[in-house]
Amino acid sequence: MASTRAAPPIKLNNPSLWVTEGGFINGKFTKGTGTGTFDVINPGNGKVLGSLPEMTVADTKEAIQHAATALKSWRKTSEYERAAILQKIFQLQMDNAEDLAQIITAENGKPLADARGEISYGGSYFSWYAGEVVRNYGDVIPSLVKGVQNTTLKQPIGVCAIITPWNFPNAMVTRKLAAALAAGNTVVLKAPSETPYSALALAEILRQAGVPEGVFNVVLTENDTPAIGKELCENPTIHKLSFTGSTRVGKILMSQASGTLKKLSFELGGNAPFIVFDDADLDKAVAGAVACKFRSSGQTCVCGNRLLVQDGIYDQFAKKLVEAVKAFKVGQGAHDGITHGPLIHQAAVNKVQDHVDDAVAKGAKVLVGGKKMSVDGYFYEPTVLGDVQECAIDQEETFGPLAPLYRFKTEEEAIERANDTEVGLAGYFFTENIARVHRVSAALEVGMVGVNTGLISQAGVPFGGVKESGFGREGSKYGLQDWQQIKLVALGGL
Ligand SMILES: NC(=O)c1ccc[n+]([C@@H]2O[C@H](COP(=O)([O-])OP(=O)(O)OC[C@H]3O[C@@H](n4cnc5c(N)ncnc54)[C@H](O)[C@@H]3O)[C@@H](O)[C@H]2O)c1
């Protein structure tokens, strides 16, 4: 199969991971029945990396049908059999980690070190759920009625759809897929058109791991073609849709899915507050801001979007953060020593510029950065704005390398401003006061809180939001429960 393909445009040890057909249905790579193609761009240089066929609604229906057929036997496999396959996927992902990281960097632009980290993080969901699924205990529930025994079964939901964004081309898929497969579901994935090669490489990993035909399928299309997403929402054979992406698209999908009342799990946009109190350890707070705000050039849903800094520490924090940002090495992710890569496309660069212009027009000062970079690719200077007043960033996720600093005086004021947004994914704060740790953790209206750390996600802990950041949890035992149905068995006549 691989021999009929054109050579990959990047150097890979295992070229079979560079899939050029466009989709994966019933265990085979396929171009589908479409007539058009779409280009995938390397955001580090703006050049076309490759073109893939546009798939169609008919291809999507075919994938769903195969997933439904495969479900009949996959759901009957034991937890131990599924755990063994997940462990094999984990092993293959780690054996091919360098190639998978190279593919991420080529299509997403992030520095290779970050891409390698993503492969470890993404892979860890397979090994974690391989362990968790064999502890898939049910309940025995005391009965009010004599002679009846109440037990519960945890069963798969059925055929499920997954739609993911481009910012973690591997991990956004694995975080859902590992738990979905562990629970005994079959899956149709629609991957984003910015980073399809990582999704197809993952399909090849699953194929090599021996995942049965039809259990995992991939359909691809240009992002601007919503017909496939609509089919995944409206098709009655699909009983769950798990989506990660913007709140705007989440609302469209929720309304499209309403006709079939399928179960939904949505990981949507954030606008995380990052609060630095006077009593914080300054160096820890600066390191936390660098990791949390500037990782992936600010293109993570949990990145600190609004940095609220208390008066007494504001000047020192601003000075140290600016020094740290000036030390970044910005460039193409594949080049040695690069710490920060490009944004995903020109529209993302323009959005950062719009947010900077708006904040400056309303009184903010540029402390470092503040401009697009005049190089090939989609680069924006890592930017810190000081003394930010009320502006668009208060309510809109920037999704770029822009750290706006807001001053505040009291804890109450910080909490009020932190919660003054429609979304609630992550929140962070830095303090050395243990009573404040408890007070502020409880008061923030978010799904995840980082205290004295800017990094919060790992396979064993729940990931998800509140308010317009969505519902459902990924990772942890709660992530497995999200892919299961609870069935009561009341056994009478005892
Ligand atoms: N909460 C989380 O876990 C999490 C994680 C990563 C990213 N995000 C969010 O994702 C957003 C960035 O990603 P994006 O710009 O790719 O988001 P997006 O919502 O535009 O796209 C996400 C996915 O949805 C698809 N899509 C777009 N329009 C669609 C439609 N009408 N029907 C069906 N599918 C459609 C895209 O092709 C892509 O696969 C940010 O808001 C970010 O906060 C959230």
Side-chain angles (χ1 to χ4, degrees), residues 38 40 43 52 54-55 57 60 107-108 110 118 121-122 125 161-176 188-196 198-199 218-235 238 241-257 264-272 295-305 343-348 351 395-400 421-427 446-448 456-457 461-475 479 482:
F38 65 93
V40 182
L52 287 167
E54 281 262 16
M55 296 180 81
V57 170
T60 310
E107 61 183 1
N108 166 286
K110 68 177 68 175
E118 180 182 338
Y121 167 73
Y125 283 84
I162 292 179
I163 301 180
T164 53
W166 46 264
N167 63 339
F168 288 87
N170 177 271
M172 286 300 107
V173 181
T174 64
R175 214 162 71 180
K176 298 176 189 298
V188 177
L189 164 72
K190 194 209 80 63
S193 59
E194 293 91 345
T195 59
S198 292
V218 183
V219 288
L220 287 171
T221 178
E222 178 68 67
N223 280 351
D224 292 340
T225 316
I228 285 184
K230 190 161 179 283
E231 178 63 25
L232 293 175
C233 289
E234 293 179 351
N235 193 303
I238 291 182
L241 167 67
S242 178
F243 169 69
T244 296
S246 60
T247 298
R248 181 188 69 80
V249 172
K251 288 180 180 177
I252 296 172
L253 300 183
M254 190 165 183
S255 113
Q256 287 177 347
L264 301 175
S265 175
F266 281 1
E267 303 283 347
L268 307 177
N271 187 0
R295 186 169 58 109
S296 295
S297 298
Q299 301 174 108
T300 76
C301 51
V302 289
C303 79
N305 204 48
L343 299 189
I344 192 69
H345 39 47
Q346 190 57 43
K351 184 171 186 190
Q395 296 300 334
E396 287 174 32
E397 185 183 30
T398 303
F399 234 57
T421 160
E422 294 303 318
V423 290
L425 190 58
V446 295
M448 297 167 281
I456 50 175
S457 180
V461 304
F463 189 104
V466 301
K467 294 159 77 175
E468 290 199 4
S469 288
F471 38 81
R473 291 293 179 269
E474 294 180 353
D482 258 17

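Counting convention: from 1, in listed order, for ligands and their atoms alike. Reckoned from all heavy atoms, side chains included, excluding hydrogens, waters and symmetry mates.
Annotation: cation-pi geometry not satisfied between K190 and F243 (NZ/CZ under 6.0 angstrom from ring centroid, within 45° of ring axis).
A search for side chain to side chain contact (heavy atoms under 4.5 Å, CB included) contacts involving P462 returns R473, S476, Y478, not counting sequence neighbours. Remark: E267 engages no residue in a side-chain hydrogen bond (donor to acceptor under 3.5 Å, both in side chains) (not counting sequence neighbours). For K467, the side-chain hydrogen bond (donor to acceptor under 3.5 Å, both in side chains) partners two or more places apart in sequence, or in a different chain, are E445.
Using the six-membered ring where Trp is involved, F266 and F471 have ring planes that are parallel, under 30° apart on the 30 and 60° scheme.
T244 and K176 share a side-chain donor-acceptor pair at under 3.5 Å.
Contacts of ligand 1 (protein heavy-atom distance under 4.0 Å) are I163, T164, P165, W166, N167, M172, R175, K190, P192, N223, P226, G229, F243, T244, G245, S246, V249, L253, E267, L268, G269, G270, C301, E397, F399, L425, F463.
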